[in-house]
Amino acid sequence: MSDYTTRVLEQVRAKNAAEPEFLQAVQEVFSTITPVLAANKKYEDNCILERIVEPERTIIFRVPWADDNGKIHVNRGYRVEYNSAIGPYKGGLRFHPSVNLGILKFLGFEQIFKNSLTTLPMGGGKGGADFDPKGKSNGEVMRFCQSFMTELQRHIGPDTDVPAGDIGVGAREIGYMFGQYKRLRNEFTGVLTGKSLNWGGSLIRPEATGFGTVYFAQNMLATKGDDLQGKVCVVSGSGNVAQYLVKKLNELGAKPVTMSDSNGYIFDPEGISLEKLEWIMELKNERRGRIKEYADAFPGAQYFEGQRPWNVPCDCAFPCATQNEINGAEAATLIKNGCKLVAEGANMPTDLDGINAYLQAKILYGPAKAANAGGVATSGLEMSQNSMRLKWSAEEVDEKLFGIMKNIHENAYNHAREYSPDSAGDFTNYVAGANIAGFVKVADSMIDQGLV
Ligand code: NDP
Ligand code: 2IT
């Protein structure tokens, strides 16, 4: 850390003391960009750090809705429009009871740099609500989504702010929100991504985050002349990201052995094959069941209630559930058991102690904003297709996604090699590389556009 980063971090701490996840995300970025700030005085002269930590706009609103019995509920809705230096605000919506402003600010802050890495013209934003979709009927979810969009619609638009999915928001929720937007605004535009295929969605968008994370892992392994063939992989989560990540691991000859939800994890030593994954997708996406049911359906597997999978020995780990799901001790356990690669499908799944453990052990570590950028990148491709009023084939989109992930890897690798003092010989600090590469493009664009 330099005088400049230390000073701004102190200001951020003083002003946002009640937002630990946001402070964590800022600290992670600041701890790595010092070399580029030292080499370019213009960033401090233009107060770029002071400006970049402050969202351009934050909207907080009431979301009232009635359940199936007519009982009225009120949730809190948010949209953090963080940074529009390189394009319209872009980022997901999260519906989860834990959602608060600090969590959405951490996600929005990360999104700025992630979107910059994709090479596509997208600013950073994030939103959501403290609504819990679990156990709600379709009708209740629809009425909530409609009420949420009734307010959000006045703040977003295809050239202003383009939300998408995140935890608790998938194709069903995007559909209900799109319907309400269209009804209120009387326009059919690409205002949301993650749409279904019949009405403007892109092929491969559902797969993109999971596939992209695996492509990033492939690229990291390739720097060591290695690949995923035969690798034992530990995966957390069983939602959108985890499902398609497990699919791609299978396709590339790796062996995923765990998946989880917020109640516990399943361990299948024979591997979660494509056939078993199909069963899981039906369980999670159609029946909306719990992962523990897997152990009843497949007797070789075991379920561990209330635990996370990080003590299962593996070659590679792919956290795909939520923030801070790997702490320092869990990272140390992974490393002790032989894990040589961590690629993050979730956002900020490893806490700062955990990251330090990976860096000290010099394993291949693909941080979230690089490794999971394939999701939002493919959202960017969905926006392009909507603007052009055409549709690319699955092969075309997958090829573009593959190219983007290769590019992100190269960009992070090169910036790490150029600026991060600990990247030498066999080791590349991708945290530093991704943060610096993402930061420079946004910071330079902010300077170009003056004091706004
Ligand atoms: P889903 O809602 O589809 O799935 C979330 C999964 O994570 C579920 O298995 C869920 O279990 C589990 N989970 C959620 N919260 C917790 C928690 N507090 N503790 C333990 N497990 C939890 O979401 P996604 O798969 O879309 O998102 C997963 C992660 O990937 C998030 O960090 C998200 O921000 C990130 N991400 C998503 C992208 C996307 O395109 N969807 C793009 C880039 C990143 P349960 O059912 O018990 O809640
Ligand atoms: O965290 C993320 O990058 C997402 N949830 C996807 C955002 C998007 O706009 O596709």
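Ligands are counted one by one from 1 in listed order, and the atoms in each one are counted from 1 as well. Basis for what follows: all heavy atoms, side chains included, without hydrogens, waters or symmetry-related copies.
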Measuring from the heavy atoms of Met348, does anything fall under 4.0 Å of ligand 1?
no
Report yes if some N/O of Asn372 lies less than 3.5 Å from some N/O of ligand 2; otherwise report no.
no
Could you tell me whether Thr378 approaches ligand 2 through its side chain, its backbone, both or neither, with non-hydrogen atoms closer than 4.0 Å?
neither
N/O separation below 3.5 Å, Ser238 to ligand 1
yes
Plane angle bin for Phe109 and Phe113 - parallel if under 30°, tilted between 30 and 60°, otherwise perpendicular:
perpendicular
For atom 7 (C) of ligand 2, the closest protein heavy atom turns out to be Gly92 N, 3.5 Å
Geometry only, no angles: is Asn240 polar-contacting ligand 1 at N/O separations under 3.5 Å?
yes
Going by the atom numbers of ligand 2, which of them fall below 4.0 Å from some non-hydrogen atom of Lys114?
1 (O), 2 (C), 3 (O)
Could you check whether the rings of Phe216 and His409 sit parallel, tilted or perpendicular, using 30° and 60° as the cut-offs?
perpendicular
Who's the nearest protein heavy-atom neighbour of atom 23 (O) of ligand 1, and how far?
Ile167 CA, 3.5 Å
Protein non-hydrogen atom below 4.0 angstrom of atom 10 (C) of ligand 1 present
no
4.0 Å heavy-atom contact, Ser260 with ligand 1:
yes
Does at least one non-hydrogen atom of Arg94 fall below 4.0 angstrom from an atom of ligand 2?
no
Below 4.0 Å from any atom of ligand 1, is there a heavy atom belonging to Arg205?
yes
For the pair Tyr413 and Tyr430, name the ring-plane relationship: parallel under 30°, tilted 30 to 60°, perpendicular over 60°.
tilted
Examine Gln323 against ligand 1 and note whether any of their N/O atoms are separated by less than 3.5 Å.
no
Are side-chain N/O atoms of Glu28 and Asn435 paired as donor and acceptor at under 3.5 Å?
yes
Using the six-membered ring wherever Trp is involved, compare the ring planes of Tyr358 and Tyr365 and label them parallel, tilted or perpendicular (cut-offs 30° and 60°).
tilted
So is Val241 polar-close to ligand 1, meaning N/O to N/O under 3.5 Å?
yes
Location of contacts on Met122 toward ligand 2, heavy atoms closer than 4.0 Å:
neither
Using heavy atoms and a 4.0 Å limit, tell me yes or no: is Gln243 in contact with ligand 1?
no
Geometry only, no angles: is Gly165 polar-contacting ligand 2 at N/O separations under 3.5 Å?
yes
Under-4.0 Å heavy-atom contact with ligand 1, by part of Cys320 that carries it:
backbone
Regarding ligand 1, does Asp166 bring an N or O atom to under 3.5 Å of one of the ligand's N or O atoms?
yes
Selected option - heavy-atom contact closest to atom 6 (C) of ligand 2, from Arg205, Glu110, Met383, Lys126
Arg205
May I ask you to check if ligand 1 and Lys134 share an N or O to N or O distance below 3.5 Å?
yes
Please determine if Ala242 has a nitrogen or oxygen closer than 3.5 Å to a nitrogen or oxygen of ligand 1.
no
Please write down residue, atom name and distance for the protein heavy atom closest to atom 9 (O) of ligand 2.
Lys90 NZ, 2.7 Å
Under the criterion ring-ring contact (aromatic ring centres under 6.0 Å, His included), I'd like the reasoning laid out for Phe61 against Tyr78: C-alpha separation, chi angles, the key distance, then a yes or no.
CA-CA 6 Å; Phe61 50 96; Tyr78 304 82; 7.8 Å; no
